[in-house]
Asker: 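My questions all concern the structure below.
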Amino acid sequence: MNLFRARYLVPIAAEPIEDGALLIQGGRIVAVGRADELAPAHPRARQVDFGEAVLLPPLVNAHTHLELTHYPEWAAEAGETKEPKSFVDWILQVIRVKRSVPLERFRPSLEAGIAASLAAGTGALGDILSLFSSRSAYLHAPLKGRLFLETLGRDPAPARKILDGLRTILAERRAGKLELGLAPHSPYTLSAEYFEQILDLARRRGVAVTTHLAESPAETEFLAESTGPMAETLYPAVGWEEMIPPPARRTPVAYLADRGGLVPWNLLAHGVQVEEEDARRLAEAGSTVVLCPRSNDRLGVGMAPLSLYRREGVPLALGTDSRASSDSLSVWDEIAFARSFFGDEVSPVELLAMATVNGARALGLEREMGELRAGLGAHFQVLRPKRLPPLAELGEFLCAPGRTAEV
C-alpha cells in the first residue's frame with residue numbers, strides 16, 4: 001500500500017483538496033482525501049510526499065495524429081514552408097508532404113509523439129493512424145485509449161481491398177494497451193456507400209469509430225451544394241473530379257445521421273460548423289465532440305459553438321490534432337489556449353473536465369481513469385511549479401500557460 005501526498009490534490013469530479021493524499025494498493029485507488037486523515041488510518045502504508053506540487057489525473061488527448069509528430073521537419077525538407085491560404089490548401093499541402101516522406105520514417109515519428117505525449121502528462125488518447133504497419137510502436141507504450149485506423153476513398157474497387165485489410169487488422173483487437181477502432185476520415189472524403197460500409201463493419205465487430213466532422217465552411221458548402229473549394233480544387237487535385245457527388249442538401253451532422261453514423265460510439269472531431277438543430281441531434285445521440293481550438297484557429301475555420309454545445313448538453317472533450325496544425329501535442333497547451341480562445345464561455349473546472357474525465361468516457365475508459373476516486377486505476381501525474389497559488393486560484397492557475405514544463 002502506498003500513500004502519495006501533495007500540497008494540492010485535484011480529483012476533477014470533486015473539489016480540490018489541500019494537503020491531499022492518494023492511497024493506492026494493487027494498482028488501484030483505495031482512497032482519496034486529506035493526508036492528515038489517511039496517513040494515521042494507514043500507518044503501514046509507504047509514504048511518498050511530493051511536497052509543493054499538484055497531484056491530478058493524467059490528461060486525455062481525445063483526437064490526435066501522432067504519426068505526424070515530425071511533420072514540421074518533413075514540410076521543411078519538402079520546401080512546404082508557406083502558410084496555406086485556406087483549409088483546402090492546407091489539406092493539399094499535408095498530402096504533398098506525406099507523399100514525400102519514405103514510409104520507414106512514420107514509425108519514428110509516431111514513437112516521438114508517444115514520448116512527447118507522456119512527457120506532457122497525457123495518459124490516454126484517441127490516435128488516428130493512416131500507415132497501419134506503424135501500430136507496432138504501441139506494443140510497449142503505457143498509454144491507454146483507442147487507435148483508429150484511418151480510411152478514405154470514393155472509388156469502390158480500392159475500397160473493397162481496404163475493407164479486407166481492415167477486417168484482418170481488427171481481429172488483433174489491440175495495439176499495446178489501445179483498443180483498435182476505425183476512422184472513416186470525413187463525409188467529404190468517402191463515398192456515401194463506403195462510409196456506410198465502414199460503419200457497418202464497426203457495428204459487426206463491436207469497435208468504436210471517429211470522424212472529422214463539420215470542420216470548415218468548405219465542407220459545409222460541399223455537402224450542401226457540391227460546390228466550392230472542395231469541388232473546384234481538392235477533388236481535381238486528387239483525381240476525383242469525376243466523382244463529385246450530387247448535392248446532398250444537408251449539413252454535415254445531418255449527412256452523418258443519414259449514413260447511420262450519429263451514434264455514441266462515433267467520436268466526432270472539431271464540430272465547428274454546427275447549427276442549433278445539429279447540436280440538438282448530437283445531444284440526443286449522445287455523441288461526444290472533441291474540440292481542437294488551436295488547430296481551428298490556425299487553419300482559420302472558425303470557433304466551435306461552445307455555448308450552444310453546453311446549452312444543449314453535448315458531451316465535450318479536448319484534442320490537440322496533429323503537428324501539421326498545432327505547435328505541440330500537449331493537452332496542457334490546448335487547455336491554456338482554450339481558456340483564452342473561448343473566454344467566459346467556459347470555466348477552468350469545465351476545461352479540466354473536458355481534458356480528463358470527459359475524454360476518458362469518450363474513449364471507454366471511465367472505469368479506469370479520468371478522475372481520482374476509489375476503484376479506478378492508479379494513474380496520476382504531478383505538476384511541480386516554481387510557486388503555487390492559493391487554493392481558490394488553483395483552477396485558473398492550471399488553465400494558464402506554462403504547465404507542460406512542470407509535469
Side-chain angles (χ1 to χ4, degrees), residues 1-24 29-42 45-61 116-124 293-294 318 320 327-360 369-374 376-407:
M1 189 171 282
N2 295 286
L3 187 73
F4 296 96
R5 306 176 58 162
R7 163 81 179 279
Y8 293 131
L9 184 145
V10 183
I12 295 299
E15 290 295 317
I17 303 169
E18 192 156 12
D19 188 22
L22 191 65
L23 189 66
I24 288 172
I29 298 174
V30 177
V32 178
R34 286 186 56 85
D36 58 9
E37 295 174 355
L38 289 179
H42 303 277
R46 183 177 71 94
Q47 291 198 32
V48 178
D49 192 346
F50 294 111
E52 289 292 295
V54 185
L55 193 157
L56 72 167
L59 301 181
V60 179
N61 190 349
S117 298
L118 290 166
T122 297
R294 284 188 297 167
L318 277 182
T320 65
D327 290 335
S328 78
L329 295 171
S330 170
V331 182
W332 283 117
D333 293 348
E334 202 72 40
I335 291 170
F337 182 86
R339 184 71 181 113
S340 172
F341 192 59
F342 292 115
D344 292 337
E345 286 190 72
V346 63
S347 70
V349 170
E350 290 169 314
L351 273 177
L352 290 169
M354 288 181 204
T356 53
V357 63
N358 291 11
M369 63 192 305
E371 54 183 311
L372 300 179
R373 64 176 170 84
L376 295 192
H379 310 290
F380 63 89
Q381 64 174 311
V382 175
L383 297 184
R384 293 181 179 275
K386 291 180 180 178
R387 63 165 190 85
L388 283 171
L391 183 61
E393 300 172 13
L394 185 60
E396 285 289 0
F397 176 83
L398 292 174
C399 293
R403 302 289 78 86
T404 302
E406 299 164 352
V407 176

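Each residue takes its place number in the sequence, starting with 1. All heavy atoms count here, side chains included; hydrogens, waters and symmetry mates do not. From a predicted model like this one, the values you see are computed outputs, not experimental measurements.
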Asker: Which pair of heavy atoms, one from Phe341 and one from Pro293, lies closest together, and at what distance?
Answerer: CD2-CB, 3.6 Å
Asker: Return the CG to NE2 distance between Leu56 and His379, rounded to the nearest 0.5 Å.
Answerer: 14.0 Å
Asker: Considering all heavy atoms of both residues, which atom of Ala355 and which atom of Leu318 are nearest to each other, and what is their separation?
Answerer: CB-CD1, 4.1 Å
Asker: Does NZ or CZ of Arg403 come closer than 6.0 Å to the centre of the six-membered ring of Phe397, within 45° of the ring's axis?
Answerer: yes
Asker: Measuring from atom CD1 of Ile17 to atom CD of Glu37, what distance do you get when rounded to the nearest 0.5 angstrom?
Answerer: 9.0 Å
Asker: Rounded to the nearest 0.5 Å, how far apart are CD1 of Ile335 and SG of Cys399?
Answerer: 6.0 Å
Asker: State, to 0.1 Å, how close Pro385 and Ala53 come at their nearest heavy-atom pair, and which atoms those are.
Answerer: CD-CA, 4.5 Å
Asker: Decide yes or no for Ile24 and Leu22: does some side-chain heavy atom of the first lie under 4.5 Å from some side-chain heavy atom of the second?
Answerer: yes
Asker: Hydrogens and angles aside, do Thr320 and Asn61 bring a side-chain donor and acceptor to less than 3.5 Å of each other?
Answerer: yes
Asker: Return the orientation label for the Phe4 and Phe50 ring planes: parallel under 30°, perpendicular over 60°, tilted otherwise.
Answerer: parallel
Asker: Do Leu3 and Asp49 come close enough that some side-chain heavy atom pair is under 4.5 Å?
Answerer: no
Asker: Output yes when a side-chain donor or acceptor of Tyr8 lies under 3.5 Å from a complementary backbone atom of Gly20, and no otherwise.
Answerer: no
Asker: Less than 4.5 Å apart, side chain to side chain, heavy atoms only: is that true for Val10 and Val54?
Answerer: yes
Asker: State, yes or no, whether a side-chain contact exists between Pro58 and Met369 at a heavy-atom distance under 4.5 Å.
Answerer: yes
Asker: Among side-chain atoms of Ser330 and Thr404, is any donor-acceptor pair under 3.5 angstrom?
Answerer: yes
Asker: Less than 4.5 Å apart, any side-chain heavy atom of Leu372 and any of Phe380?
Answerer: yes
Asker: Can you give me the closest heavy-atom contact between Ala35 and Pro40, atom names plus distance?
Answerer: O-CD, 3.8 Å
Asker: Do Asp19 and Arg7 sit within salt-bridge range, that is, some charged N less than 4.0 Å from a carboxylate O?
Answerer: no
Asker: Quick one, Ser328 with Arg294, criterion side-chain contact (heavy atoms from CB on, under 4.5 Å). Give me CA distance, side-chain angles, the key distance, then yes/no.
Answerer: CA-CA 10 Å; Ser328 78; Arg294 284 188 297 167; 3.0 Å; yes
Asker: Find the distance between CD (Glu52) and NZ (Lys386) and round it off to the nearest 0.5 Å.
Answerer: 15.5 Å
Asker: Got a second to check how far Met1's CE is from Gln47's CD, nearest 0.5 Å?
Answerer: 12.5 Å
Asker: Are the side chain of Glu406 and the backbone of Arg384 linked by a donor-acceptor contact shorter than 3.5 Å?
Answerer: no
Asker: How many angstroms lie between atom CG of Leu9 and atom CD of Glu18, to the nearest 0.5 angstrom?
Answerer: 11.5 Å
Asker: Check Gln381 against Pro57 and note the closest heavy-atom contact, atom names and distance.
Answerer: NE2-O, 2.9 Å
Asker: Tell me if a side-chain donor or acceptor on Thr122 pairs with a main-chain N or O of Leu118 at a distance below 3.5 Å.
Answerer: no
Asker: Is there a side-chain contact between Val407 and Val382 in this structure, where contact means two heavy atoms from C-beta onward sitting under 4.5 Å apart?
Answerer: no
Asker: Given Arg339 and Glu396, is the salt bridge (charged side-chain N to carboxylate O under 4.0 Å, His left out) satisfied, shown in steps?
Answerer: CA-CA 9 Å; Arg339 184 71 181 113; Glu396 285 289 0; 2.5 Å; yes
Asker: Is there a side-chain contact between Arg373 and Ile29, using heavy atoms and a 4.5 Å cut-off?
Answerer: no
Asker: Where is the tightest heavy-atom contact between Ala120 and Leu59, given as atom of each residue plus distance?
Answerer: O-CD1, 4.5 Å
